[in-house]
Number of protein chains: 2
Amino acid sequence: MATIHDVALKAGVSVTTVSRVMNNRGYISERTRSKVFQTMEELNYHPNEIARSLLRKRSNVIGLIIPAVSHPFFAELANHVEYYAYQSGCKVLLCNSQLDPVKEKEYIDMLKRNMVDGIVMGSHTLEVDAYRNLHSPIVTIDRRIDEDIPYISSDNYAGGRLAAELLISKGCRKIAHICGNLTLNLLANNRSMAFRDVMLEHGIENVVIQTDMNVFDHDQYGRIIGKLLREHEDIDGIFATSDIIAAYALKGCTQAGKRVPEDIRIIGYDGIGAVSWFEPEISSIRQPISEIGRLAVELIRKQRDGEPFERENILPVELMERSTT
Amino acid sequence: MATIHDVALKAGVSVTTVSRVMNNRGYISERTRSKVFQTMEELNYHPNEIARSLLRKRSNVIGLIIPAVSHPFFAELANHVEYYAYQSGCKVLLCNSQLDPVKEKEYIDMLKRNMVDGIVMGSHTLEVDAYRNLHSPIVTIDRRIDEDIPYISSDNYAGGRLAAELLISKGCRKIAHICGNLTLNLLANNRSMAFRDVMLEHGIENVVIQTDMNVFDHDQYGRIIGKLLREHEDIDGIFATSDIIAAYALKGCTQAGKRVPEDIRIIGYDGIGAVSWFEPEISSIRQPISEIGRLAVELIRKQRDGEPFERENILPVELMERSTT
DNA sequence: TTGTAGGCGTTATCAA
DNA sequence: TTGATAACGCCTACAA
């Protein structure tokens with residue numbers, strides 16, 4: 001690997017001049033400029049970004065911490081974060097926490113040691129103080145830490161209402177809601193709040209079931225659905241807090257001999273692409289995943305550059321009515 | 001951020017001593033050692049990895065270039081690569097090429113400028129020379145560049161045979177095969193070779209349809225399936241080269257009023273988790289994605305450390321017979 | 001057992 | 001318009 005010194009030597013100028021040409025700073029004679037460029041070509045020179053980072057005290061890297069990129073919601077999020085990061089000259093370091101607090105902590109420390117521009121936190125297994133004290137630009141997805149740390153979420157409450165009201169408007173009279181662990185203080189819990197509110201307003205009988213939100217244990221979903229259908233045979237509507245859970249609900253209903261949507265209606269949440277691969281397509285509340293990714297990158301950049309930025313970023317959701325409602 | 005100098009100053013020793021304590025090298029008195037550790041604690045000192053990378057000429061980063069992490073196969077691959085990289089003290093830089101040669105090239109250059117330990121290439125849009133000349137440890141997934149560059153693939157030929165023979169053994173007499181672009185020189189094409197061979201051996205009528213393998217345009221799958229079923233009404237078996245395509249095939253068959261597997265049997269490829277979320281579960285040829293990820297990381301590490309390594313890594317596949325055959 | 005000094009590849013400052 | 005030199009934070013000879 002050629003260095004700036006090699007180029008300077010061969011071109012017969014100083015390293016300063018080479019640096020100037022590269023970064024297009026200050027005055028350089030046209031003759032020198034072209035000579036330097038030519039030499040860089042000949043030597044196949046590429047500036048060492050590590051050395052630059054050391055000097056600039058930042059690496060143009062954004063750390064993305066999520067539970068697991070194998071989960072389709074986070075896969076899509078990662079895809080968009082990478083897209084917008086690339087647009088703004090940044091790279092993305094992929095960190096799966098596997099919802100393990102130790103791993104999440106280690107990743108945060110590692111990212112700081114590597115002087116990343118900022119961290120997008122889509123996993124939240126630590127105490128709030130851990131996030132408060134890390135003095136690095138940070139954006140949280142779907143969790144509110146405190147006044148100072150910007151967060152992005154879709155309008156979970158509105159989404160929950162949309163789903164609940166749709167089921168009721170379709171005539172459902174006993175509705176189940178399958179959600180994550182409500183003690184975890186995630187903004188996604190607002191979906192469940194909305195569900196309760198709507199049920200109360202309309203006086204609709206309902207069942208709320210918490211899963212432990214373990215992204216990896218899909219078998220639990222099958223068991224939960226089975227149990228639900230056995231214990232409450234008269235359920236005619238299910239609002240699942242993710243499309244994957246909704247898919248398992250659909251599967252469970254079919255296996256139990258129920259017709260969807262005639263006997264029981266199902267709606268999911270997230271609006272991941274995968275639901276449209278299969279038949280019937282599951283109705284869902286679509287989160288604007290691309291916009292979440294875009295904003296995440298923008299908020300990191302603005303904090304890094306000392307520009308003003310919005311702390312609360314609640315994005316609109318959209319009802320995607322398809323075949324299961 | 002405290003530096004090694006701050007620690008040295010406060011502890012009343014030299015930076016060398018601090019470095020020695022950190023890296024546990026040479027002889028240090030117990031008294032000095034504990035004093036240094038204590039000072040590091042007090043100052044909340046974390047060594048700057050950028051400076052270390054500059055010195056070591058490597059960053060402990062593995063670049064992962066794939067078409068798009070939103071695609072479930074690559075999402076799972078990325079998940080495993082991250083897992084094993086983390087195990088061996090490496091980080092993963094996520095690079096979606098979007099199958100754009102320009103972006104792929106820029107990512108390769110960027111990774112070199114950042115002195116990554118190596119590159120895992122899951123996207124292959126460039127000419128072979130581009131990969132040959134990059135003088136950085138590299139591993140390709142599902143593509144053979146030349147003698148020197150190690151590659152990993154599952155046993156595509158065996159997988160193709162398994163799928164084709166299963167359909168025939170189930171009684172299929174006119175079979176369609178939907179594959180990617182066969183001119184692209186990917187090892188996945190061996191699935192299609194195997195398909196042809198088996199059809200020939202058994203004298204089975206068949207249709208081969210190439211898609212342009214654009215990971216993002218899922219609509220084309222629906223169109224292709226529709227056209228296929230219209231033009232060949234008597235098809236009773238489909239071997240799709242990915243589970244997503246198989247899902248669309250299933251959907252298309254259902255919409256066309258065909259029963260699966262009674263009227264037509266379908267088998268996919270990859271064995272991604274998503275197929276088990278839905279009913280019916282699609283039969284598939286499972287690639288050992290976790291093992292592919294593990295090997296990829298290991299091959300980078302071995303090249304980096306100058307250890308001997310295997311050039312050809314062909315991993316076994318497994319038939320997952322489920323409900324669509 | 002500990003310290004001094006030089007260098008990794010850049011860029012910024014100050015002179016020339 | 002160009003060049004010498006000092007950082008950036010760390011590690012590793014070599015010395016003491």
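In this text, all values refer to a predicted model and were calculated from it rather than measured experimentally. Chain identifiers are assigned alphabetically (A, B, ...) following the order of the sequence lines, protein sequences preceding nucleic acid strands; residue numbering begins at 1 within each chain. Computed from heavy atoms alone, side chains included, the values below leave out hydrogens, waters and symmetry copies.
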**Study point:** A:N24 CG to D:dT1 C1', straight-line distance once rounded to whole Å
**Key:** 15 Å
Revision key, fill the gap. Of A:N48 and B:V13, the one whose nearest nucleotide on DNA chain C sits closer to the 5' end is B:V13
Revision key, fill the gap. The answer to which of B:R20 and A:T32 contacts DNA chain D further toward the 5' end, by nearest nucleotide, is A:T32
Study note, to complete from the structure: Closest to the side chain of A:V15, out of D:dC11, D:dT5, D:dG9, is D:dT5
Check your understanding: A:K57 has a side chain; which of D:dC8, C:dG9, C:dA12 sits nearest to it?
Key -> D:dC8
Check your understanding: Rounded to the Å, how far apart are B:E49 CD and D:dC10 C1'?
Key -> 10 Å
Practice item. Respond yes when some side-chain nitrogen or oxygen of A:R52 is under 4.0 Å from OP1 or OP2 of C:dT11, and no when none is. Key: yes
Exercise for review: Using a 4.0 Å heavy-atom cut-off across all strands, classify B:T16 as base, sugar-phosphate, or nothing.
Suggested key: base
Study note, to complete from the structure: In whole angstroms, the gap separating P of D:dT2 from CZ of A:R25 amounts to 17 Å
Exercise for review: Could you tell me whether A:R33 sits above the aromatic face of A:F37, with NZ or CZ closer than 6.0 angstrom to the six-membered ring centre and within 45 degrees of the axis?
Suggested key: no
Revision key, fill the gap. When rounded to whole Å, the CZ to P distance for the pair A:R56 and C:dA12 reads 10 Å
Check your understanding: Given atom NZ of A:K35 and atom C1' of D:dT1, what is their separation to the nearest angstrom?
Key -> 12 Å
Practice item. Verify the contact: side-chain N or O of B:Y27 to OP1 or OP2 of C:dG3, cut-off strictly under 4.0 Å; return yes or no. Key: no
Review point. Which part of the nucleic acid, if any, lies within contact of A:I4, taking any heavy atom under 4.0 Å across all strands shown: a base, the sugar-phosphate backbone alone, or nothing?
Key: base
Practice item. Starting at atom CD1 of B:I50, determine the distance to atom P of C:dT11, rounded to an integer number of angstrom. Key: 14 Å
Review point. Touch check for A:L54, heavy atoms < 4.0 angstrom, all strands: base, sugar-phosphate only, or nothing?
Key: base
Point to revise | Short side-chain N/O contact to C:dG9 OP1/OP2 from A:T3, under 4.0 Å | key: no
Check your understanding: With respect to the phosphate group of D:dC11, does any side-chain polar atom (N or O) of B:S19 fall under 4.0 Å of OP1 or OP2?
Key -> yes
Practice item. When you get a sec, tell me which of C:dG3, D:dC10, C:dT11 is the closest nucleotide to the side chain of B:S14? Key: C:dG3
Review point. Are A:R132 and A:D146 close enough for a salt bridge, meaning some N to O gap below 4.0 Å?
Key: yes
Exercise for review: Measure the distance from CG on A:N23 to P on D:dT1 and round it to the nearest whole Å.
Suggested key: 18 Å
Review point. With a 4.0 Å cut-off, would you call B:K302 and B:E310 a salt bridge?
Key: no
Practice item. Return yes when atom CD of B:E127 has more than 12 non-hydrogen atoms of other residues, nucleotides or ligands closer than 6.0 Å, and no otherwise. Key: no
Practice item. Kindly determine whether B:V69 and A:E82 satisfy side chain to side chain contact (heavy atoms under 4.5 Å, CB included), including the steps that lead there. Key: CA-CA 9 Å; B:V69 76; A:E82 183 276 341; over 6 Å; no
Exercise for review: Check every atom of D:dC10, D:dT1, C:dG3 against the side chain of A:S29 and return the nucleotide holding the closest atom.
Suggested key: D:dT1
Practice item. Measure centre to centre between the rings of B:H80 and B:Y83, then say whether the value is under 6.0 Å. Key: no
Check your understanding: With respect to the side chain of B:M22, which nucleotide from C:dA12, D:dC11, C:dT1 is positioned closest?
Key -> D:dC11
Check your understanding: Quick one: B:M1 CE to D:dC10 C1', roughly how many Å, whole number?
Key -> 13 Å
Practice item. Tell me which nucleotide among D:dC11, C:dG3, C:dT10 gets nearest to the side chain of A:H5. Key: C:dT10
